[in-house]
Amino acid sequence: IVDALGAEGLTMSASGGSGVRLGPAILSLANATKFEIADLVRDALVDLSKATGETVDLSILDQNKALFIDQVQGTHVLRAVSAVGAAFPLHCSANGKALLAMLDDAALAKVKGKLKFEQLTPHTLRNWDDLAKDIESTRATHVAVDREENSLGICAVAIGLLGPMDQRIAISVPTPTHRFVQSEALLTEKLVECRARLLAGPLRRA
């Protein structure tokens with residue numbers, strides 16, 4: 001079995017000549033999984049953007065940050081847009097909090113030690129105790145909120161889901177603060193509906 005995996009580049013000899021380790025082909029598989037997730041949820045992202053008029057982002061958990069892997073831009077002239085490939089801190093973004101809320105306590109403890117709580121705005125959470133409260137709230141409601149914690153003038157809501165191979169993903173809707181004040185309830189409702197749709201369809205567990 002090991003020889004067969006090695007022939008495909010999935011394993012290679014470990015340093016020192018003892019045992020094996022993961023090979024370079026694993027990177028290709030990981031990248032393919034990212035695109036597979038984007039393909040699976042793309043229709044739901046498009047429909048969510050149409051229903052809200054807002055930009056919709058898809059993120060994955062990448063060590064101690066949230067990494068954007070897909071986006072559907074909204075139709076408003078003034079809208080929130082971040083580049084695909086951009087990384088956001090976990091402690092002060094809606095998608096980051098949604099991803100954290102999906103971790104079990106043991107995994108959360110490991111991430112905790114890596115968080116630096118960089119202060120990006122006056123509203124950024126400053127310590128673990130405050131973040132832990134948001135995580136518990138998100139676990140209960142499935143919805144995470146960023147109220148100008150990552151960028152002044154921008155708020156967001158997000159939900160987390162498990163993708164193929166149990167990869168954690170988050171779908172977020174950022175919007176200018178002045179519009180968020182009026183639309184938070186609608187955005188939350190549409191996000192919850194999007195989550196239910198995906199769990200009943202493309203991301204339904206066997």
Side-chain angles (χ1 to χ4, degrees), residues 31-62 65-90 92-103 134-135 137-151 153-205:
N31 286 329
T33 299
K34 293 178 184 179
F35 290 115
E36 178 185 359
I37 293 171
D39 289 342
L40 283 174
V41 305
R42 181 70 184 185
D43 288 346
L45 301 187
V46 171
D47 288 347
L48 179 58
S49 182
K50 288 180 179 178
T52 62
E54 303 291 354
T55 296
V56 177
D57 296 309
L58 177 66
S59 310
I60 59 171
L61 182 62
D62 184 14
K65 58 185 179 295
L67 180 67
F68 281 20
I69 62 170
D70 199 11
Q71 181 183 83
V72 178
Q73 293 193 15
T75 55
H76 291 286
V77 175
L78 180 61
R79 59 184 184 269
V81 177
S82 297
V84 171
F88 278 64
L90 297 176
C92 61
S93 58
N95 50 348
K97 292 180 190 178
L99 292 166
L100 286 174
M102 299 177 68
L103 299 176
D134 273 12
I135 291 173
S137 174
T138 300
R139 283 176 171 176
T141 64
H142 303 299
V143 178
V145 184
D146 160 16
R147 302 184 189 279
E148 295 191 323
E149 297 163 43
N150 186 76
S151 180
I154 300 294
C155 295
V157 287
I159 49 101
L161 301 120
L162 285 178
M165 301 175 64
D166 289 337
Q167 187 170 32
R168 292 167 180 85
I169 65 174
I171 297 172
S172 55
V173 183
T175 183
T177 299
H178 72 275
R179 204 158 58 235
F180 185 81
V181 172
Q182 303 296 326
S183 62
E184 179 180 356
L186 174 64
L187 296 178
T188 299
E189 176 187 341
K190 295 302 180 182
L191 258 180
V192 171
E193 290 177 358
C194 178
R195 180 178 184 274
R197 168 185 171 180
L198 288 170
L199 290 177
L203 301 184
R204 181 172 53 196
R205 314 305 287 179

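Numbers for residues simply follow the sequence, beginning at 1.
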At what distance, to the nearest 0.5 angstrom, does CG of Leu162 lie from CG of Leu203? 8.5 Å
From NZ (Lys190) to NZ (Lys50), nearest 0.5 Å: 13.5 Å
Name all residues meeting the salt bridge (charged side-chain N to carboxylate O under 4.0 Å, His left out) criterion together with Arg139; count only those two or more places apart in sequence or in a different chain, and write none if there are none. Asp105, Glu136
Partners meeting ring-ring contact (aromatic ring centres under 6.0 Å, His included) with Phe180 (sequence neighbours left out): none
Can you tell me how far CG of Leu61 sits from CG of Leu90, rounded to the nearest 0.5 angstrom? 6.0 Å
Would you mind reporting whether Val72 and Arg42 have side-chain heavy atoms less than 4.5 Å apart? yes
Exactly one of Leu48, Asp57, Asp70 clears side-chain contact (heavy atoms from CB on, under 4.5 Å) with Ile171, and that residue is Leu48
Return the minimal non-hydrogen interatomic distance between Ser172 and Pro174, and the atom names on each side. O-CD, 3.7 Å
Scan for salt bridge (charged side-chain N to carboxylate O under 4.0 Å, His left out) pairs involving residues 177-187, sequence neighbours excluded, and state none if there are none. Glu54-Arg179, Arg147-Glu184
Residues two or more places apart in sequence or in another chain: which of them pass side-chain hydrogen bond (donor to acceptor under 3.5 Å, both in side chains) with Ser59? Asn95
Using salt bridge (charged side-chain N to carboxylate O under 4.0 Å, His left out) as the criterion, list what pairs up with Glu189, not counting sequence neighbours. none
Would you compute the distance between atom CG of Leu191 and atom CD1 of Ile159 and round it to the nearest 0.5 angstrom? 5.5 Å
One should read off an interatomic distance between Leu67 CG and Phe88 CZ, to the nearest 0.5 angstrom, of 10.5 Å
side-chain contact (heavy atoms from CB on, under 4.5 Å) partners of Leu199, counting only residues at least two apart: Leu161, Arg195
Please name all residues satisfying side-chain contact (heavy atoms from CB on, under 4.5 Å) with Arg197, sequence neighbours left out, ordered by chain then number. Asp43, Ala44, Asp47
Can you list everything that forms a side-chain hydrogen bond (donor to acceptor under 3.5 Å, both in side chains) with Gln73? Sequence neighbours excluded, please. Arg79
Sequence neighbours excluded, every pair satisfying salt bridge (charged side-chain N to carboxylate O under 4.0 Å, His left out) that has a member inside residues 163-175: Asp166-Arg205
Here the pair of heavy atoms bringing Val145 nearest to Ala94 is C-CB, 4.2 Å
Which heavy atom of Ala101 sits nearest a heavy atom of Thr138, and at what distance? CB-CG2, 3.5 Å
Applying side-chain hydrogen bond (donor to acceptor under 3.5 Å, both in side chains), name anything that partners Thr177, two or more places apart in sequence or on another chain. Glu148
Distance from Thr55 atom OG1 to Gln71 atom CD, nearest 0.5 Å? 5.5 Å
Which residues pass the side-chain contact (heavy atoms from CB on, under 4.5 Å) test with Ser151, not counting sequence neighbours? Ile154
Validation row: Cys194, Leu198 side chains within 4.5 angstrom (heavy atoms): yes
Under 3.5 Å, is there a donor-acceptor pair between the side chain of Ser183 and the main chain of Leu186? no
Using the test side-chain contact (heavy atoms from CB on, under 4.5 Å), find all partners of Lys65 that sit at least two apart in sequence or belong to another chain. Asp62, Ala87
Presence of salt bridge, Lys97 and Asp146, under 4.0 angstrom: no
